[in-house]
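Structure record follows, encoded as structure tokens.
Residue numbers begin at 1 in each chain, while the letters A, B, ... track the order of the sequences. Keep in mind that what you see is a predicted model, and the values were worked out from it rather than measured.
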Amino acid sequence: MERVWIEDIGRYADRDVEIRGWLFNKRSSGKVRFLVVRDGTGFLQVVMVKGEVPDEVFNLYDELTYEDAIIVRGKVKREKRAPGGYELLLKDLVIHSKSLDTFPIPKVRPENIPDVGKLFRFRHLWIRSRKQWSILRIRDEVERAIQDFFAARGFRRFDPPIFTPASVEGTTTLFPVPYFDEGEVYLTQSGQLYLEAGAMALGKVYSFGPTFRAEKSRTRRHLTEFWMVEPEVAWATLEDIMDLAEELVVYITERVLENRRMELEILNRDVAKLEAVKRPFPRITYDEAARILLEEKEKGRDIDFTYGEDFGSDEETVISERYDRPVMITHYPRAIKPFYMKPDPKDPSKVLCVDVIAPEGYGEIIGGSQREDDYEELLRRIREEGLPEDEYSWYLDLRKYGSVPHSGFGLGIERTVAWLSGASHVREVIPFARTPERIRP
RNA sequence: GGGUCCGUAGCUCAACAGGCAGAGCACCCGGCUGUUAACCGGGGGGUUGCAGGUUCGAGUCCUGCCGGGCCCGCCA
């Protein structure tokens, strides 16, 4: 008998197959009994009818409890009444391994959902639930879509180091790690500086990996360990990477809509909101965004914003509410952005940068800029910020030997997945979240 | 770093103003030939987060500790 995965069950109608998985749920009306089996690739209803299976198999139903590892064999049937459209008519059942204790997470009754703290203590088991399973499958689709996107455009993947001697931006708090005679080095907060070197060597590059921030941020948008995708392109201007960012976000969204419909349905995600994500995205400047906030304030909304400062999360939400798709905000004041961004030649008080704000209050998913490519100007900025010049000498070399305009951005995987899946917190969209107060499991 | 809220059964929650710690789900037993969060009947299950205090009497009031939630800042 062929052993198959539930994901592929549609190809085996009217054939005998074997499924290996776990008991997700069971129901009975006496002589007809139903199992819901999950095998990691999907969920499948299994039916057993008294008299049509041997009694010793039929009676095994009574022994089954949640998450027993089981092997079921039977005939695949198209069946309207079954969730998913297919079910398995049971012929044989093997209990491979019993659950030794009551499963700590009730999976059937929504009103029984434990509070978030308990769920995260059982994260290793929680990921077996329908919703978490769906979210992690959407994450996988997003990650693969990203790599397909860059591969199709001739980008080379370029992996920057995780151990770094100094802060990229000189501001954020980093995780120190002892490193031989070197004393302390830090876990990377961005591969950007290294990617700029990569772009000068390989033209179009991107990185895809974990990033670390030691800030004790306790919000639905922050983790201490999160994943970022960072493309960097030689000879590219701000406009070039804005087009790239827009295409990337549209492509990711399309792929999820195309390949993860069922998961979005399980999550009750409003698909229409994602279908609206098409080019072009609205593009406004910092000044225009500030004007929007002023207008909303005059309409009586509670907005605490001073011109010249960065937008807080409430302000981002107010701005994003005006549009049905992500909004790109450009030309922020130089004072609130890092040293490596290139000032706008038309207005040197602003920099050539872009933030992409996701709809529905999910906040900034992309931050990018055109980089300062002038040696003297960059050196001046490093000194102005009081950064250790020695540590940046290699970075300055990139401007010394054939400097060209170049631009790039970083996209936060968790914020993007949280937005697409409608998750309430980024810690739900990574298998094992790391936050200031949680390092286990 | 700041603000705020909460710890009662494996899980979600009750317990009026301080007076015998209870219900639903899960688990165990019984019933039901198409269930969809199945349903119906019965049963077992508690260091009320921990340590003190007030009181005839504390889940409830007071103090300390521990654990957790939510929001803001910083950012992706």
Side-chain angles (χ1 to χ4, degrees), chain A residues 24-36 43 45-52 58 61-67 77 79-84 87 89 99 101-122 125-126 130 168-169 171-174 189-192 210-230 304 309-316 336-338 355-358 362-368 409-419 424-427 429-430 435-438:
Chain A
F24 188 74
N25 196 8
K26 63 174 191 176
R27 295 181 279 269
S28 167
S29 79
K31 303 288 191 299
V32 183
R33 294 171 168 180
F34 301 89
L35 310 177
V36 180
F43 298 80
Q45 175 163 290
V46 176
V47 194
M48 56 170 101
V49 182
K50 178 138 179 108
E52 292 178 27
F58 188 78
Y61 175 94
D62 297 324
E63 288 177 31
L64 288 172
T65 55
Y66 283 170
E67 294 303 319
K77 211 179 105 190
E79 173 56 66
K80 274 196 189 127
R81 289 171 290 185
E87 67 182 14
L89 266 171
S99 286
D101 210 341
T102 306
F103 197 68
I105 303 169
K107 296 184 297 179
V108 182
R109 305 264 163 175
E111 74 267 17
N112 262 13
I113 290 170
D115 69 63
V116 196
K118 279 172 189 152
L119 287 172
F120 276 102
R121 271 203 297 289
F122 291 110
L125 302 175
W126 188 25
R130 264 195 164 94
V168 169
E169 298 175 9
T171 50
T172 38
T173 325
L174 306 179
Q189 61 153 327
S190 164
Q192 187 204 310
T211 303
F212 308 87
R213 304 276 164 94
E215 271 120 11
K216 289 195 173 175
S217 303
R218 296 176 48 121
T219 82
R220 68 173 76 164
R221 299 178 308 281
H222 289 85
L223 298 170
T224 54
E225 176 183 330
F226 65 98
W227 285 62
M228 258 207 304
V229 174
E230 297 180 275
D304 179 28
E309 287 176 0
D310 206 350
F311 304 120
S313 73
D314 290 347
E315 285 77 44
E316 284 178 356
I336 56 170
K337 289 290 179 182
D355 281 4
V356 179
I357 313 297
Y362 282 95
E364 184 185 342
I365 52 170
I366 286 179
F409 62 82
L411 175 140
I413 298 296
E414 286 75 19
R415 287 189 184 176
T416 303
V417 176
W419 161 52
S424 56
H425 198 301
V426 287
R427 68 190 162 186
V429 309
I430 185 168
T435 61
E437 54 283 315
R438 182 168 287 104

On a whole-Å scale, what distance lies between the P atoms belonging to B:C40 and B:U35? 15 Å

Taken to the nearest whole Å, CZ/A:Phe226 to C1'/B:C74 is 12 Å

A:Phe409 CZ to B:A76 P, in whole Å, measures 13 Å

Closest of B:C72, B:G69, B:G34 to the A:Val116 side chain is B:G69

Note to self: At less than 3.5 Å, do the side-chain atoms of A:Arg415 and the base atoms of B:C75 form a donor-acceptor pair?
What the structure shows: yes

Are the side chains of A:Glu315 and A:Ile357 in contact, using a 4.5 Å heavy-atom criterion?
no

| Under 3.5 Å, is there a donor-acceptor pair between the side chain of A:His425 and the main chain of A:Thr219? | yes

The nucleotide from B:C74, B:C32, B:C70 with an atom nearest the side chain of A:Arg427 is B:C70

note: A:Tyr66, atom OH; B:G10, atom C1'; distance rounded to Å ~ 13 Å

B:G69 versus B:U54 - spacing of their C1' atoms, nearest Å
31 Å

For RNA chain B, the dot-bracket notation using Watson-Crick and G-U wobble pairs below 3.5 Å, [ ] for pseudoknot-type crossings and | for other-strand pairs, is (((((((..((((.....[..)))).(((((.......))))).....(((((..]....))))))))))))....

Considering only heavy side-chain atoms of A:Val49, the closest of B:U33, B:G69, B:C74 is B:U33

Separation of B:A76 atom P from A:Asp310 atom CG, nearest Å, is 9 Å

Between A:Thr65 and A:Ser99 the two heavy atoms that sit nearest each other are OG1-CB, 4.0 Å

Review point. What integer number of Å spans the C1' atoms of B:U60 and B:G3?
Key: 27 Å

When every non-hydrogen atom of A:Val426 is compared with those of A:Arg221, the smallest separation belongs to CG2-C, 3.6 Å

| said: Please report the distance separating the P of B:G31 from the corresponding atom of B:U47, rounded so that it comes out in whole Å. | reply: 33 Å

Out of B:U35, B:G73, B:A76, minimum distance to the side chain of A:Arg213 belongs to B:A76

message = Rounding to an integer number of angstrom, what distance separates B:G24 and B:A37 when you compare their C1' atoms?
response = 13 Å

Tightest non-hydrogen contact, residues A:Glu230 and A:Gly191, listed as OE1-N, 3.0 Å

Are any side-chain N or O atoms of A:Lys77 and backbone N or O atoms of A:Leu89, one a donor and one an acceptor, separated by less than 3.5 Å? no

Ranking A:Gly30 and A:Glu63 by the position along RNA chain B of their nearest nucleotide, the one closer to 5' is A:Glu63

Looking only at B:C75, B:C70, B:G34, the nucleotide nearest the A:Gln45 side chain is B:G34

Can a side chain N or O of A:Arg121 be found less than 4.0 Å away from OP1 or OP2 on B:G69?
no

Whole-Å distance, A:Glu316 CD to B:C72 P, equals 11 Å

Of the listed B:G34, B:U33, B:A76, the closest approach to the A:Lys31 side chain comes from B:U33

Quick check on B:G73: is either OP1 or OP2 less than 4.0 Å from any side-chain nitrogen or oxygen of A:Ser313?
yes

What interatomic distance, in whole Å, is found between C1' of B:G1 and the corresponding atom of B:C56? 48 Å

Between A:Glu414 and A:Phe226 the two heavy atoms that sit nearest each other are OE1-CB, 3.3 Å

Side-chain atoms of A:Thr65 come closest, of B:C27, B:U33, B:C70, to B:C27

Span that lies between the C1' atom of B:A9 and that of B:A14, in whole angstrom: 13 Å

Winner on side-chain proximity to A:Arg221, out of B:C74, B:G34, B:A37, is B:C74

d(A:Met228 CE, A:Phe212 CZ) to nearest 0.5 Å is 10.5 Å

Quiz prompt | Rounded distance in Å between the P positions of B:U4 and B:U63 | solution = 16 Å

Atom CZ of A:Phe122 and atom P of B:G10 are separated, to the nearest Å, by 10 Å

Taken to the nearest 0.5 Å, the spacing of A:Glu364 CD from A:Asp310 CG works out to 7.5 Å

- Query: So, A:Phe103 and B:G10: ring centres less than 5.5 Å apart, planes less than 30° off, yes or no?
  - Reply: no

field: Check: A:Glu87 side chain, B:G34 base, donor-acceptor under 3.5 Å
entry: yes

Considering only heavy side-chain atoms of A:Phe34, the closest of B:G73, B:A76, B:G34 is B:G34

Which of B:U35, B:U33, B:G34 is nearest the side chain of A:Lys77? It is B:G34

Please classify the nucleic acid contact of A:Gly51 as base, sugar-phosphate, or nothing, using heavy-atom distances under 4.0 Å.
nothing

Checklist entry - Across the strands shown, which category fits A:Ile413 at heavy-atom distances under 4.0 angstrom: base, sugar-phosphate, nothing? => result nothing

To the nearest angstrom, the NZ-P distance between A:Lys26 and B:U35 comes to 18 Å

In short, A:Tyr362 meets A:Arg415 closest at the heavy-atom pair O-CD, 4.3 Å

Could you tell me whether A:Asp314 contacts a base, only the sugar-phosphate backbone, or nothing, with contacts defined as non-hydrogen atoms closer than 4.0 Å?
sugar-phosphate

Review point. For A:Arg33 and B:U33, is the shortest distance between a side-chain N/O and OP1 or OP2 below 4.0 Å?
Key: no

